[in-house]
J.: 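Below you'll find the structure I mean.
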Amino acid sequence: MKLNQLDAKGEFTKNSENTEKQKEVKKAKKNKKPGFFAKIGAKIKDIFAELKKVSWPSFGKVIKQTGVVIAVVVVFLVILTAFDFGLSELLKLITP
């Protein structure tokens, strides 16, 4: 056991080996990183919390947006096919 020591305020304090060990244990707990499975569990919990915040579109809105995407793809398909056909015919004229 250590003798009484003067602290920063000028008061005498009693330091024992037990209090020093308790401080070391507290420091070790603070420095201890969470384990692999604890990190995964926390990540999954965060994912579900974020999914609760998402505003999902209605079924009608999804169908309408899907139709728009399909229409744009078809338009570009027609444009690229016409361009490709035109270039291939031009190549046939140039090369005998």
Side-chain angles (χ1 to χ4, degrees):
M1 187 183 266
K2 292 189 175 183
L3 297 175
N4 293 340
Q5 295 179 350
L6 200 58
D7 67 358
K9 294 180 183 177
E11 300 174 356
F12 283 102
T13 59
K14 243 185 189 177
N15 288 335
S16 68
E17 291 177 9
N18 281 342
T19 57
E20 289 177 13
K21 287 181 183 178
Q22 288 174 352
K23 288 179 183 178
E24 290 175 14
V25 169
K26 286 181 182 179
K27 285 182 183 178
K29 285 183 180 179
K30 284 183 181 179
N31 294 336
K32 187 177 180 184
K33 294 181 182 179
F36 176 73
F37 293 109
K39 288 180 183 178
I40 290 176
K43 184 59 85 173
I44 291 172
K45 189 176 179 181
D46 290 342
I47 289 170
F48 280 109
E50 286 296 321
L51 283 175
K52 288 180 182 178
K53 297 177 186 177
V54 173
S55 61
W56 298 99
S58 65
F59 183 74
K61 195 171 187 178
V62 170
I63 296 297
K64 188 183 289 186
Q65 290 177 348
T66 303
V68 169
V69 169
I70 291 173
V72 169
V73 168
V74 168
V75 167
F76 275 100
L77 176 71
V78 169
I79 291 170
L80 288 174
T81 303
F83 189 70
D84 183 47
F85 180 74
L87 287 177
S88 65
E89 289 299 317
L90 184 63
L91 185 63
K92 286 179 187 176
L93 288 174
I94 294 173
T95 59

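This one's a predicted model, so the numbers in the text were calculated from it and none came from an experiment.
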J.: Got a second to check how far Phe85's CZ is from Thr81's OG1, nearest 0.5 Å?
T.: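 Atom-to-atom, Phe85:CZ and Thr81:OG1 are 11.0 Å apart.
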
J.: Walk me through it: do Leu51 and Trp56 pass the test side chain to side chain contact (heavy atoms under 4.5 Å, CB included)?
T.: CA-CA 10 Å; Leu51 283 175; Trp56 298 99; 4.1 Å; yes

J.: Linking I/L/V/M/F/W/Y whenever any side-chain heavy atoms sit under 4.5 Å apart, do Val69 and Phe59 land together?
T.: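 Each belongs to a different hydrophobic cluster.
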
J.: Among residues at least two apart in sequence or on other chains, which ones pass salt bridge (charged side-chain N to carboxylate O under 4.0 Å, His left out) with Lys61?
T.: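 Scan of Lys61 (salt bridge (charged side-chain N to carboxylate O under 4.0 Å, His left out), adjacent residues dropped) gives none.
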
J.: Determine, stepwise, if the pair Leu87 / Leu91 fulfils side chain to side chain contact (heavy atoms under 4.5 Å, CB included).
T.: CA-CA 6 Å; Leu87 287 177; Leu91 185 63; over 6 Å; no

J.: Decide whether Val68 and Ile63 are clustered together by the hydrophobic rule: side chain heavy atoms of Ile, Leu, Val, Met, Phe, Trp, Tyr closer than 4.5 Å, transitively.
T.: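 No: no chain of side-chain contacts under 4.5 Å links Val68 to Ile63.
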
J.: Have a look at Val75 and tell me which of Val72, Leu77, Val73, Ile79 forms a side chain to side chain contact (heavy atoms under 4.5 Å, CB included) with it.
T.: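 For Val75, the side chain to side chain contact (heavy atoms under 4.5 Å, CB included) test succeeds with only one of Val72, Leu77, Val73, Ile79, which is Ile79.
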
